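This is a predicted model, so every value here is computed, not measured. Both ligands and their constituent atoms are indexed starting at 1 by order of listing.
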Amino acid sequence: MTLIKNLKGMPDLFEEDLATWRQLESVVRETFLAFGYGEIRTPLVEETALFVRGVGEGTDIVTKEMYAFEDKDRHATNVCLRPENTAGVVRAMVQHGKLMADAEEKVFYLGSMFRRENVQAGRQRQFNQIGAEAFGIASPSLDVESMALVHVLLERLGIGNVTLLVNSLGDAADRPRFTEALRAYFEPHKASLCIDCQRRLETNPLRVLDCKVESDKKLAAGAPRTLDHLGDESKKHFDDVIEGLTKLGLPFEIDTHLVRGLDYYTRTVFEAVAREGLGAQSTVCAGGRYDNLVAQLGGRPTPAVGFAGGIERLVMLMKAANKSAPPMCPTLTLVGADDDGRREAHRLALALRREGVSVDVDHRSRSVKAMMKRADRSGARFALVLGSREIQEQRGDLKAMATGVVVPVALEPAALLAAVRAPS
Ligand code: ATP
Ligand code: MG
């Protein structure tokens, strides 16, 4: 029989990796809450039209990366696995009336996204993102706060050597001027652009600046800068963002050619890029302002700023910075020396587990020697052997595995709890 394997780009994850994921997730949740974001969970499957309208018709995501299929239960509506979560969040906020006049709402999410991509290091087909979206605030101080959040997240995860890149794409009024300038620049070189970019030049020249093909990147380096085509208001907004970042002492670099692969961004765009540890896929967090998306998806016009970060890439950086968390290991291994001892071990294990202490206990009547070996291999901090003598005396010897130091302890849950929780 041939073994069935997982699909390419859709990895299995085990405790060895997930210990660090859990740590990341708890730091991320705490940090989002600290910045005033509450959690939101939206479905993994949405109508395809949401992303066509939200992310944009000419984007890579919509043209070639979506897992879309007909839902036969719903009059053959075309649905897809979500490729990103901003559109879904906006849909939910609008649909449930969370964005009424003057609303200020901040939400965060963690979850899986799906894109049919060329699988390579740092690029999966099922991957996971953290993200934060803030609605109802037009002020540049929100853009600054969102970037501060990225900084604090990276800091608290122990990830250094990441540069925050910032640019402005201007707003809808500025866009045609800039698009024209880009067309005029690239048109004479059209034949040397990649096939995708030849199409992008027609549909959305901005996208050419985001191309990953080396020769296109070289050409793009000399292209006109968005910053030279901003209207007065966008210019003021950008200047205020830069001033805000500077005043808070948040390091950044202006990258005049930074654009994003999704159509909804207006004005501020930013990326956190790792200087080492990720190879070619170096962007860990990316986001910006999207003042038109809510209205575009049927809500009342509401300014917004958000970003998403790739969990896999963040975990890779934590590992590179020696910040990975050790896999689960028991605090205490209880070893029964005889039948009475094994019964007592199970009684004490239950009491300690009720208090949240991780306890390993034997289910196979192993010998004391085998259990001590197991305690050693598992990395348990303590071991305690229980036999008829210990039960009779209601005392045992708690052994600290690392040092071999033994302390006497009463065989009752409160005393054991205090002993294993005492600072070593
Ligand atoms: P890229 O330019 O790398 O394709 P993108 O513009 O498609 O990125 P976003 O949609 O803005 O990226 O996603 C934000 C973050 O999510 C990325 O910076 C990255 O960390 C992560 N990410 C995006 N696509 C993938 C993927 N296929 N596999 C793993 N992580 C991903
Ligand atoms: Mg992409």
Non-hydrogen atoms of Q124 versus ligand 1: any pair closer than 4.0 Å? yes
Is it true that E233 and K236 make a salt bridge, defined as a side-chain N closer than 4.0 Å to a carboxylate O? no
Side chain or backbone, does E117 bring an N or O within less than 3.5 Å of an N or O on ligand 1? yes
Has ligand 1 got any nitrogen or oxygen that is less than 3.5 angstrom from a nitrogen or oxygen of V284? yes
Going by heavy-atom distance to atom 10 (O) of ligand 1, choose the closest among R260, R116, R115. R115
Geometry only, no angles: is R123 polar-contacting ligand 1 at N/O separations under 3.5 Å? yes
Look at E104 together with K106 and state whether they make a salt bridge at an N to O cut-off of under 4.0 Å. no
Quick one: does E84 get within less than 4.0 Å of ligand 1, heavy atoms only? no
Under 4.0 Å from a heavy atom of Q129: give me the atoms of ligand 1 that qualify, with their elements. 13 (O), 14 (C), 15 (C), 16 (O)
Please confirm whether T283 comes within less than 3.5 Å of ligand 1 when only nitrogen or oxygen atoms on both sides are compared. yes
If you draw the axis of the six-membered ring of Y67, does the NZ or CZ of R116 fall within 45° of it and under 6.0 Å from the ring centre? yes
Taking all atoms of both residues into account, what is the closest heavy-atom pair of F51 and M66, and its distance? CB-SD, 3.8 Å
Do we see a donor-acceptor contact under 3.5 Å between the side chains of D171 and S234? yes
In terms of its nearest heavy atom to atom 29 (C) of ligand 1, the top option of A121, G310, G122 is G122
Atoms of ligand 1, numbered as shown, that sit under 4.0 Å from any heavy atom of K212: 2 (O)
Are F108 and Y37 an aromatic pair by the rule of ring centers under 6.0 Å? no
Should R374 and D360 count as an ion pair when the cut-off is N to O under 4.0 Å? yes
